[in-house]
Amino acid sequence: MATVAARAGVSGQTVSRVVNGSPRVDPETRARVESAMAELGYRPHRAARALRTGRSQTIGLVATTLATVGNSRMLQATAEAAAERGYALTVVSAAQGVEEAFDRLAEQEVDGAVVLNEASALVPGARPPGGLRLVVVDAPAGGSFVSVHSDHRGGAVAATTRLLELGHPTVHHLAGPVDSFAASERERGWSAALDAAGVVRPEVVRGDWSADAGFAAGPALAAASAVFCANDQMALGVLRWFAEAGRRIPEDVSVVGFDDVPDAANFRPPLTTVRQDFRALAERAVATLVAEIEGDVASPPPGPVVPTRLIERASTAPRQ
């Protein structure tokens, strides 16, 4: 490291900051240090650094499933955000319980963990091993852990309000699982928008995030002229059911999803949806966790809420 510092014309502390992914290095200096590292063939020795710092430079990611599009995108974005800060990522399943997942992470001596979506519902009743720092994605604030989340409620308000502006007398809602924070927030946003407009709320229909659940919910939504689905996968199933029932989208029924998955623009018709910025959400979770791990009070992480945005496409139209 001293040789790299001499080659780059900087201090050893600056080299250390670059190696550890600290944001407190200006881009020109970082480029000069990285160039010197490349020229000298320098590679950080992870085991030696762990002995010196008492940290493994590894964080965990806890999820009940990676089958949902949102969780798989969060996995990729979290791995990229961790790597940019010099951390490796290890993934554990909470399918058998979040406490077991925490125990496995403790055995691997990770420095902390990001907990995703449905697994977050299990955290308040769990007892993480002492010293395991946690950042929980999609959980209410105020617990014994740090949380970050997208603006699910604001996105749902925007989607529902837009459908009312298009002249629909009310908006039906296909909600996510009852124990999901994200699903609950989206349902609250839908409800708040209808209440603000003085519109009677239809009975909520509930699914499990899958396209199959969306298709199965079709009969319960048959009388709707506008449907707000809690995610894009269920919206895909709803589109298929209406098509098979002879209902035209958007001439007869307007449908809105949530997430803006990569294929949403290629649905038939292209899906109006609320865009959730998974990259920004993962960045915020990792930045918050690394600040906790490294005690970096000089560079506090950003706030806990990531904005969402309504993306209008061809699945919605004024009521005819």
Side-chain angles (χ1 to χ4, degrees), residues 1 4 13 15-25 30 33-34 37 42-66 70-120 122-123 126-139 144-148 278-302:
M1 190 174 288
V4 170
Q13 188 177 32
V15 175
S16 178
R17 287 197 184 108
V18 172
V19 168
N20 290 311
S22 171
R24 291 185 291 162
V25 182
R30 183 184 300 278
V33 172
E34 289 174 345
M37 289 169 62
Y42 173 81
R43 295 290 183 274
H45 193 290
R46 187 175 295 275
R49 187 166 57 186
L51 287 172
R52 177 173 55 82
T53 64
R55 298 196 298 265
S56 66
Q57 293 297 122
T58 302
I59 62 176
L61 183 138
V62 180
T64 53
T65 178
L66 294 176
N71 277 3
S72 63
R73 292 182 70 186
M74 278 296 293
L75 167 60
Q76 179 178 350
T78 303
E80 292 170 354
E84 288 170 3
R85 290 166 175 80
Y87 282 77
L89 185 74
T90 184
V91 181
V92 296
S93 171
Q96 303 304 316
V98 74
E99 286 189 345
E100 180 180 322
F102 290 155
D103 288 340
R104 289 171 59 194
L105 289 175
E107 290 170 1
Q108 298 178 54
E109 299 183 338
V110 302
D111 296 325
V114 174
V115 183
L116 295 188
N117 210 338
E118 272 63 51
S120 69
L122 307 174
V123 172
R127 296 177 181 173
L132 182 64
R133 298 170 180 85
L134 296 178
V135 171
V136 184
V137 177
D138 287 342
S144 58
F145 48 84
V146 180
S147 64
V148 299
F278 292 103
R279 175 67 186 186
L281 185 60
E283 281 276 356
R284 198 157 298 195
V286 172
T288 302
L289 181 59
V290 169
E292 287 273 313
I293 293 168
E294 299 181 356
D296 190 354
V297 296
S299 300

Short side-chain to backbone donor-acceptor contact, [X] and [Y], under 3.5 Å:
X      : Y      : value
Asp111 : Ile59  : no
Arg73  : Phe278 : no
Arg85  : Ala81  : yes
Gln57  : Gly86  : yes

Heavy-atom side-chain contact between [X] and [Y] under 4.5 Å:
X      : Y      : answer
Leu281 : Val148 : yes
Leu61  : Thr90  : no
Thr65  : Asn71  : yes
Gln108 : Val92  : yes

### Task
Under the side chain to side chain contact (heavy atoms under 4.5 Å, CB included) rule, what do Phe102 and Val115 come out as? Steps first, then yes or no, please.
CA-CA 10 Å; Phe102 290 155; Val115 183; 4.1 Å; yes
Minimum heavy-atom separation for [X] and [Y], please, with both atom names.
X      : Y      : result
Tyr87  : Thr58  : CD2-N, 3.7 Å
Ala94  : Thr64  : CB-CG2, 4.1 Å
Arg133 : Leu289 : O-CD1, 3.7 Å
Val62  : Ala101 : CG1-CB, 4.0 Å
Leu105 : Ala113 : CD1-CB, 3.7 Å

### Task
Working to the nearest 0.5 Å, report the span between OG of Ser93 and CZ of Arg104.
7.0 Å
### Residues which pass salt bridge (Lys or Arg N to Asp or Glu O under 4.0 Å) with Glu80, listed by chain and number, not counting sequence neighbours
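In terms of salt bridge (Lys or Arg N to Asp or Glu O under 4.0 Å), with neighbours along the sequence ignored, Glu80 is linked to Arg279.
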### Task
Assess whether side chain to side chain contact (heavy atoms under 4.5 Å, CB included) is satisfied between Glu283 and Glu84, documenting all intermediate values.
CA-CA 10 Å; Glu283 281 276 356; Glu84 288 170 3; 3.2 Å; yes
### Task
Given side chain to side chain contact (heavy atoms under 4.5 Å, CB included), test Val136 with Val146 step by step and report yes or no.
CA-CA 6 Å; Val136 184; Val146 180; over 6 Å; no
